[in-house]
Asker: 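I'd like to ask you about the structure that follows.
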Amino acid sequence: MAEARRTRPVSWFRPALREFEKFPEGAQTICLTALTIAAEGGKADIAKPLHGFGSGVLEIALPFEGDAYRVVYAVQLGTEIWVVHAFQKKSTQGIKTPKREVDLMKERLKRLKELLR
């Protein structure tokens, strides 16, 4: 008898969910599929570790219809997968993520760690 797969719940910072809901429907579907793979213990091809944030923080990097969308989530905080940030990348610095976005991610991860203590 096959063992049932254990799926972890996905929780969202409210501001991240509000931003995510502004993504085009097709981009939302692809990102939600990647989050489902993470919830089931895997890693989607479009997800990669987010450098500078320690292990367990990943970024879904999605090019979609000429735009770039990002969803940042943490897998090693508590029993849930936490989506801490979602944004359309509009970098004026090439591939580099804007500092204000990085600062926001760091602040939300810090708050999340404090909440889960």
Asker: Can you confirm whether more than 12 heavy atoms, excluding those of K43, are under 6.0 Å from its NZ atom?
Answerer: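 Atom NZ in K43 is crowded, with more than 12 foreign heavy atoms closer than 6.0 Å.
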Asker: Might you point out which heavy atoms bring L62 and C31 nearest each other, and give the distance in Å?
Answerer: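 Between these two residues, the closest heavy atoms are CD2-SG, 3.9 Å.
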Asker: What are the two closest non-hydrogen atoms of I37 and A44, and how far apart are they?
Answerer: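 Between these two residues, the closest heavy atoms are CG2-N, 3.7 Å.
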Asker: Distance from F23 atom CZ to D67 atom CG, nearest 0.5 Å?
Answerer: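 Output value for this atom pair is 10.5 Å.
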Asker: Using a strict 4.0 Å threshold on nitrogen-to-oxygen distance, state whether K22 and E19 make a salt bridge.
Answerer: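 Between E19 and K22 there is a salt bridge, with a charged N closer than 4.0 Å to a carboxylate O.
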Asker: As an exercise, state the distance from CG of L104 to CZ of R108, rounded to the nearest 0.5 Å.
Answerer: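 The CG atom of L104 sits 4.0 Å away from the CZ atom of R108.
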Asker: For D103, I'd like to know if atom CG has over 12 heavy atoms of other residues, nucleotides or ligands within 6.0 Å.
Answerer: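 Above 12, so yes.
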Asker: Is the shortest side-chain heavy-atom distance between E59 and F53 below 4.5 Å?
Answerer: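 No, side chains not in contact.
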Asker: Report the distance from atom CD1 of I60 to atom OG1 of T33, rounding to the nearest 0.5 Å.
Answerer: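 OG1 of T33 is found 9.5 Å from CD1 of I60.
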Asker: If you group Ile, Leu, Val, Met, Phe, Trp and Tyr by side-chain heavy-atom gaps below 4.5 Å, do I30 and V71 land in one group?
Answerer: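 Same hydrophobic cluster.
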Asker: Could you tell me whether the side chain of M105 reaches within less than 4.5 Å of the side chain of L50, counting heavy atoms only?
Answerer: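 In contact.
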Asker: Would you say L17 and L109 are hydrophobically clustered, going by side-chain heavy atoms of ILVMFWY under 4.5 Å?
Answerer: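 In one cluster: no.
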Asker: Would you call the rings of Y69 and F64 parallel, tilted or perpendicular if under 30° counts as parallel and over 60° as perpendicular?
Answerer: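 Perpendicular.
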Asker: Just one of H85, K89, K106 clears the side chain to side chain donor-acceptor pair (under 3.5 Å) bar with E101, so which one?
Answerer: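 Answer to the side chain to side chain donor-acceptor pair (under 3.5 Å) test with E101 among H85, K89, K106: H85.
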Asker: Are more than 12 heavy atoms, taken from residues, nucleotides or ligands other than E25, located less than 6.0 Å from that residue's CD atom?
Answerer: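 For E25, atom CD is not crowded (no more than 12 foreign heavy atoms under 6.0 Å).
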Asker: Do I81 and L112 share a hydrophobic cluster, counting only Ile, Leu, Val, Met, Phe, Trp and Tyr and linking them when any side-chain heavy atoms are less than 4.5 Å apart?
Answerer: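 No, I81 and L112 fall in different hydrophobic clusters.
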Asker: Checking side chain to side chain contact (heavy atoms under 4.5 Å, CB included) against F13, which of V83, V84, V72 comes through?
Answerer: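 Between F13 and the candidates, side chain to side chain contact (heavy atoms under 4.5 Å, CB included) is satisfied uniquely by V84.
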Asker: Spell out, as yes or no, whether a donor-acceptor pair under 3.5 Å connects the side chain of R8 to the backbone of E80.
Answerer: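 Yes: the side chain of R8 pairs with the backbone of E80.
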Asker: I'd like to check Y73 versus V10 (side-chain heavy atoms, cut-off strictly below 4.5 Å). Are they in contact?
Answerer: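 A side-chain contact under 4.5 Å is absent here.
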Asker: Angle class for the F20/W12 ring planes (parallel below 30°, perpendicular above 60°, tilted otherwise)?
Answerer: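 If you compare the ring of F20 with that of W12, the planes turn out tilted.
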